[in-house]
Amino acid sequence: MECTVALPACWVSANALENALLRSGNPHGADVYSVTVGFPTGCKVMVDAAIRLLSLVNQLDHCTRRVRLSFEEGEAGTMGYLNRMGFFDNLSPSIEVSPKRPAVSRKKRYSGGNATLVEIERINKDCRDENLLTRLTGALMDSCRNREDASELKAAAWTIFAELIDNVFSHSSTPLDGYAALQVYPGGGQVRVAVSDSGLGIMQTLRPALKSEFPKLVGITDAELLVEIFRQGLSRHGPDRGCGLKGSAAKAIRFKAGLDVRMPTNRVRLTPARGEYQTSAAYCDDDLPLIWGTHICFATRLNG
Amino acid sequence: MFRDSTERMTTETPATPNLIDGAAAETILLRDFMESSQGWGREQGRIVYGKLLTFIESRPGTLIFRVSMKGVDRSDISFASETVVELARRYRGSKGFALIDLTDEDMLENWEAAAARKRQPLMVWRGGRAHVIGAQPSQGTIDAFQFALTHGGVRAAQFAVASGLSIANVSSKFKQLWEQGFLLRREAVAESGGVEFVYLRIG
């Protein structure tokens with residue numbers, strides 16, 4: 001059967017993308033042979049949604065489904081914006097694009113020309129790029145240079161990316177690339193830091209080790225376990241490890257950043273309360289349409 | 001590539017000579033062991049750890065390594081965990097590692113998180129003053145630790161006189177601090193002709 005993911009004609013955050021996926025059914029469903037993603041006029045895809053969607057369509061293509069992206073406005077609309085981000089540079093060549101795939105990668109053309117614009121960076125553990133973090137966090141200083149805490153913000157974003165991307169290298173064991181992106185929204189008022197991979201998923205790697213490493217946590221829910229991953233640091237490698245995600249969360253909390261973690265069929269959203277992420281302030285969605293891997297976004301509003 | 005231990009150091013260093021009560025100390029630049037000025041990730045950390053390990057094994061006479069962060073622009077928690085924190089844990093009790101030229105607060109926070117996770121104390125020297133990151137001394141040993149920090153190398157008898165505690169009690173505190181990685185020690189000849197330990201601060 002044909003599955004259609006119809007995005008709304010407005011800003012598409014990760015939330016809006018998830019709602020569109022729910023309405024579509026399940027693009028990874030066993031009876032689905034073709035998937036179309038529709039981008040109507042007025043649709044503007046935010047960075048966290050863009051890399052989550054990019055991972056999903058590449059996964060579907062990898063599973064030999066026919067995938068088509070349909071842009072109502074053509075390059076004049078969100079397609080041009082996605083092209084500038086490098087979306088099409090990372091899109092599997094066999095995915096169809098309507099009206100047609102951009103002839104020129106505007107990311108390659110303008111790369112480095114304007115550091116305030118977001119660019120999607122590929123995470124490939126076989127081709128580790130040492131300048132990746134500098135490029136990802138470069139936009140911050142350009143957009144927020146008037147803020148007193150600009151250096152602190154950049155340093156925090158650098159560490160968050162470093163730990164999340166290293167986590168992809170270490171845990172995801174995927175043949176598909178992961179992606180990372182940072183976007184500062186107008187005036188430096190909002191920052192989104194997003195990392196997406198198509199691997200096993202944070203729970204699939206940790207749960208089997210709970211019995212031996214953290215037996216008290218065996219029976220807890222995914223949401224509770226996720227809170228513990230970011231609050232006390234948990235790793236399948238035992239109590240000496242896991243400090244990376246915990247430390248990243250501590251830095252994000254200082255900027256009152258919300259955390260959105262999408263796992264294969266569930267999603268947990270956390271907002272900081274009393275200086276930490278707590279299970280009581282977690283929003284959980286279960287039985288979501290399948291997306292392989294782990295998709296993490298920290299988002300914060302910056303005042304002043 | 002590496003600073004000679006007799007070279008006059010221009011970096012921020014603890015106000016101590018390169019011989020601390022007879023024990024050799026040496027300053028190394030972490031940046032010299034790294035591919036770039038940014039240290040991130042466990043994989044890169046393990047590569048740097050291997051290089052550091054080879055270097056340290058080639059310096060059997062050196063007891064204390066002051067690791068200068070000069071030239072290191074950034075380091076994340078995983079990198080810190082796999083490099084100097086892991087070395088400090090491996091050589092706990094036999095060699096000491098202290099961080100110097102660590103002025104960036106964000107980096108300091110990352111090193112602290114890494115040391116705390118491994119329950120490893122790590123000395124950080126700034127402007128001639130030291131503080132411990134990671135594991136902290138217990139309430140019962142903190143005075144003995146501060147005494148050793150102030151004096152460089154101390155014998156149990158010295159702190160016993162200063163504190164009014166028994167030598168047995170003081171010896172027990174210093175032994176605990178040595179076992180937990182807060183201090184180093186070496187054997188020395190006591191005034192009585194027997195053997196006693198001199199406890200050394202790291203840095």
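Basis for what follows: all heavy atoms, side chains included, without hydrogens, waters or symmetry-related copies.
- Atom NZ of B/K51 is surrounded by more than 12 heavy atoms from other residues, nucleotides or ligands within 6.0 Å.
- Between the CG atom in A/N131 and the CD atom in B/Q38 there is a gap of 7.5 Å [rounded to 0.5 Å].
- Counting heavy atoms from C-beta on, the side chains of A/K246 and B/R117 come closer than 4.5 Å.
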| Would B/N110 and A/K251 count as a side chain to side chain contact (heavy atoms under 4.5 Å, CB included) if you check the C-alpha gap in whole Å, the side-chain angles of each, and the deciding distance to 0.1 Å? | CA-CA 10 Å; B/N110 289 350; A/K251 288 180 194 291; 2.9 Å; yes
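- Here the closest heavy-atom approach between residue B/A113 and residue A/C243 is recorded as O-CB, 4.4 Å.
- Considering every non-hydrogen atom in both A/D166 and B/E43, the closest pair reads OD1-N, 4.4 Å.
- The shortest non-hydrogen separation linking A/E163 to B/S78 is OE1-OG, 2.6 Å.
- Between B/W40 and A/W158 the shortest side-chain heavy-atom distance falls below 4.5 Å.
- No side-chain heavy atom of A/E152 sits under 4.5 Å from any side-chain heavy atom of B/D106.
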| query | Going through the distances and angles, do A/R241 and B/R42 end up as a side chain to side chain contact (heavy atoms under 4.5 Å, CB included)? | reply | CA-CA 10 Å; A/R241 299 271 293 271; B/R42 293 201 176 270; 2.9 Å; yes
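- Options B/A80, B/A114, B/G41 differ in how many heavy-atom pairs under 4.5 Å they form with chain A, and the most are formed by B/G41.
- Here the closest heavy-atom approach between residue A/A162 and residue B/D76 is recorded as CB-OD2, 3.4 Å.
- Residue with the most contacts toward chain B among A/G233, A/G247, A/S151, A/G244: A/G233 (heavy-atom pairs, distance under 4.5 Å).
- With chain A as the partner, the residue from B/K118, B/E109, B/E35 showing the most heavy-atom pairs under 4.5 Å is B/E109.
- Annotation: the span from B/R74 atom CZ to A/L133 atom CG amounts to 9.5 Å, rounded to 0.5 Å.
- Using a 4.5 Å cut-off between heavy atoms, B/E86 makes no contact with chain A at all.
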